[in-house]
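Read the structure below first, then the notes.
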Amino acid sequence: MAGLVLVLDYDGTVAEDDMLDRVANHFGDPELFRALDAELDGGTMTLHEVIRREFEAVRAPREEVVAWTVEHTRLRPGLRELLALAREREWRLVVLSSGFHELIEPVLEAHGLAEVELVANHVSPGPDGWRASFRDEEPCAVCGEPCKRATLAQVVGDADATVAYVGDGYSDRCAAEAADLRFARAALARWLEARGVAHSTYEDFFQVANTILTVSP
């Protein structure tokens, strides 16, 4: 498929678990984590507000958190094969995350995937709490809160490109709706299904690759 941009979420997608949540829960305040998660589900806080508050409770040194994250992250099966296929077919593959470069890059490097194009947020670790900074702070005209849709448009750039989006959760909702092809699992699949938005389900990247090849052999 000429001009395909394949965009992968990270937490819960590239990484089998939501490592952003696991880090916030493990190194932060579990009770606060649960309370903030309920605020997000109830629509009383934005995702950025929740992430910012969760990581303000993290006090551990960066090296300790990074080492734990690298040790506990499992990458979803088929990722290497999908990367190889993207290179062969000249698809652009981008990992677009609501998480942090500082936690994702060491994992990719540990798995020999440092060349993967990554667009993420940043965090400044400190003994008085980790401080998050986000790419986009302007509310989205579609969903009403800062989200990945604007970043997706900036990343893709070419209005004629075909965009395939692969995700699993809350942060992927608005961006997935803006894509041409959607691959969803877990909460994102339930969200798209409820809204009648066409998508393909997946549990590994082999399924994603096979579906794309079916659309464009």
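All of these numbers come straight from a predicted model, not from anything done at the bench.
Note: the hydrophobic cluster containing Val14 also contains Val23 (ILVMFWY, side chain heavy atoms under 4.5 Å, direct or indirect links). Trp91 and Leu152 fall into different hydrophobic clusters, where Ile, Leu, Val, Met, Phe, Trp and Tyr side chains are chained together by heavy-atom contacts under 4.5 Å. Following chains of ILVMFWY side-chain contacts shorter than 4.5 Å, one cannot reach Val7 starting from Leu181, and the two form parts of different hydrophobic clusters. Criterion: ILVMFWY side-chain heavy atoms under 4.5 Å apart, direct or through other members. Under it, Val123 and Phe33 are not part of a common hydrophobic cluster. No path of Ile, Leu, Val, Met, Phe, Trp and Tyr side chains, each step under 4.5 Å between heavy atoms, connects Tyr10 with Val163, placing them in separate hydrophobic clusters.
Heavy atoms only, all atoms of each residue included: Pro77 and Asp204 are closest at O-CB, 3.4 Å. Nearest approach of Leu93 to Glu117, heavy atoms of both residues: O-CB, 3.7 Å. Contact between Glu54 and Asp21 at its shortest, heavy atoms only, is OE1-OD1, 4.4 Å. Gly99 and Ile104 get closest at one heavy-atom pair: C-CD1, 4.3 Å. Smallest separation of non-hydrogen atoms from Asp168 and Ala186: O-CB, 3.8 Å. Across all their heavy atoms, Arg62 and Pro125 have their closest contact at CB-CG, 3.8 Å.
The shortest side-chain heavy-atom distance between Thr69 and Pro106 does not fall under the 4.5 Å cut-off. Looking at heavy atoms from C-beta onward, His199 lies out of side-chain contact with Leu188 at the 4.5 angstrom threshold. For the pair Val95 and Leu108, the minimum side-chain heavy-atom distance is 4.5 Å or more. Within the 4.5 Å cutoff, the side chain of Leu118 has heavy atoms near those of the His101 side chain. Put simply, the side chain of Leu192 does not reach to within 4.5 Å of the side chain of Arg173, judged on heavy atoms. In this structure, Glu203 and Gln207 have side chains that are in contact, with non-hydrogen atoms separated by less than 4.5 Å. Inter-residue side-chain proximity for Ser171 and Asp9 is flagged as met; some heavy-atom pair is nearer than 4.5 Å. Contact of the Leu20 side chain with the Ile51 side chain is registered, since non-hydrogen atoms from C-beta on lie closer than 4.5 Å.
With no hydrogens or angles considered, no side-chain donor-acceptor pair links Ser124 and Arg131 at under 3.5 Å.
How far CD of Glu39 is from CG of Leu32: 10.0 Å, rounded to the nearest 0.5 Å. Taking CG of Leu4 as the start and CG of Asp180 as the end, the distance is 9.0 Å to the nearest 0.5 Å. The CZ atom of Arg74 lies 10.0 Å from the NE2 atom of His72; values are rounded to the nearest 0.5 Å. Taking OG1 of Thr214 as the start and CD1 of Ile212 as the end, the distance is 10.0 Å to the nearest 0.5 Å. Note that CZ of Arg59 and CG of Asp29 are 9.5 Å apart. Values are rounded to the nearest 0.5 Å.
Every side-chain contact (heavy atoms from CB on, under 4.5 Å) that Ala110 has, sequence neighbours left out, goes to Val70. Residues forming a side-chain contact (heavy atoms from CB on, under 4.5 Å) with Val166 (at least two apart in sequence, or on another chain): Leu6, Leu8, Thr13, Phe183, Tyr202, Phe205, Val208. Scored by the side-chain contact (heavy atoms from CB on, under 4.5 Å) test, Arg149 finds Cys140, Val142, Cys147, Cys174, Glu177, Ala178 as partners (sequence neighbours excluded). For Tyr165, the side-chain hydrogen bond (donor to acceptor under 3.5 Å, both in side chains) partners two or more places apart in sequence, or in a different chain, are Lys148, Asp172. Glu81 is linked by a side-chain hydrogen bond (donor to acceptor under 3.5 Å, both in side chains) to nothing, counting only residues two or more places apart in sequence or in another chain. Looking at residues two or more places apart in sequence or on another chain, you find a side-chain hydrogen bond (donor to acceptor under 3.5 Å, both in side chains) between Arg22 and Asp17. For Glu64, the side-chain hydrogen bond (donor to acceptor under 3.5 Å, both in side chains) test picks out no residue, with sequence neighbours left out. Annotation: side-chain contact (heavy atoms from CB on, under 4.5 Å) contacts of Glu115 (sequence neighbours excluded): Arg87, Leu113. Contacts of Glu193 classified as salt bridge (charged side-chain N to carboxylate O under 4.0 Å, His left out), with partners at least two apart in sequence or in another chain: none.
A ring-centre distance under 6.0 Å is found for Phe55 and Phe100.
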Stepwise side chain to side chain contact (heavy atoms under 4.5 Å, CB included) test for Val116 and Leu83: CA-CA 8 Å; Val116 172; Leu83 290 169; 4.0 Å; yes
Verdict with reasoning, Phe27 to Trp68, per ring pair (Phe, Tyr, Trp, His ring centres under 6.0 Å): CA-CA 10 Å; Phe27 290 98; Trp68 185 92; 5.4 Å; yes
Residues Arg135, Asn121; criterion side chain to side chain contact (heavy atoms under 4.5 Å, CB included); working and verdict: CA-CA 6 Å; Arg135 297 179 307 268; Asn121 298 309; 3.4 Å; yes
Full working for side chain to side chain contact (heavy atoms under 4.5 Å, CB included) between Met45 and Leu40: CA-CA 5 Å; Met45 294 183 71; Leu40 181 64; 5.7 Å; no
Step-by-step salt bridge (Lys or Arg N to Asp or Glu O under 4.0 Å) determination, Arg52 to Glu137: CA-CA 12 Å; Arg52 185 176 285 114; Glu137 291 286 14; 3.0 Å; yes
Steps toward side chain to side chain contact (heavy atoms under 4.5 Å, CB included) verdict (Glu49, Glu145): CA-CA 10 Å; Glu49 289 169 341; Glu145 66 173 275; over 6 Å; no
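With a 6.0 Å radius and a threshold of 12 heavy atoms from other residues, nucleotides or ligands, Glu138 has its CD atom at or below the threshold.
Listed by first then second residue, pairs satisfying ring pair (Phe, Tyr, Trp, His ring centres under 6.0 Å) with a partner in residues 128-150 read His48-Phe134, not counting sequence neighbours. For residues 99-111, no pair satisfies salt bridge (Lys or Arg N to Asp or Glu O under 4.0 Å), with sequence neighbours left out. Sequence neighbours left out, not one pair with a member in residues 138-162 passes ring pair (Phe, Tyr, Trp, His ring centres under 6.0 Å).
A distance-only check finds a donor-acceptor pair linking the side chain of Arg76 to the backbone of Gly12 [under 3.5 Å].
Among Leu96, Val94, Val156, the one residue that satisfies the side-chain contact (heavy atoms from CB on, under 4.5 Å) test with Thr151 is Leu96.
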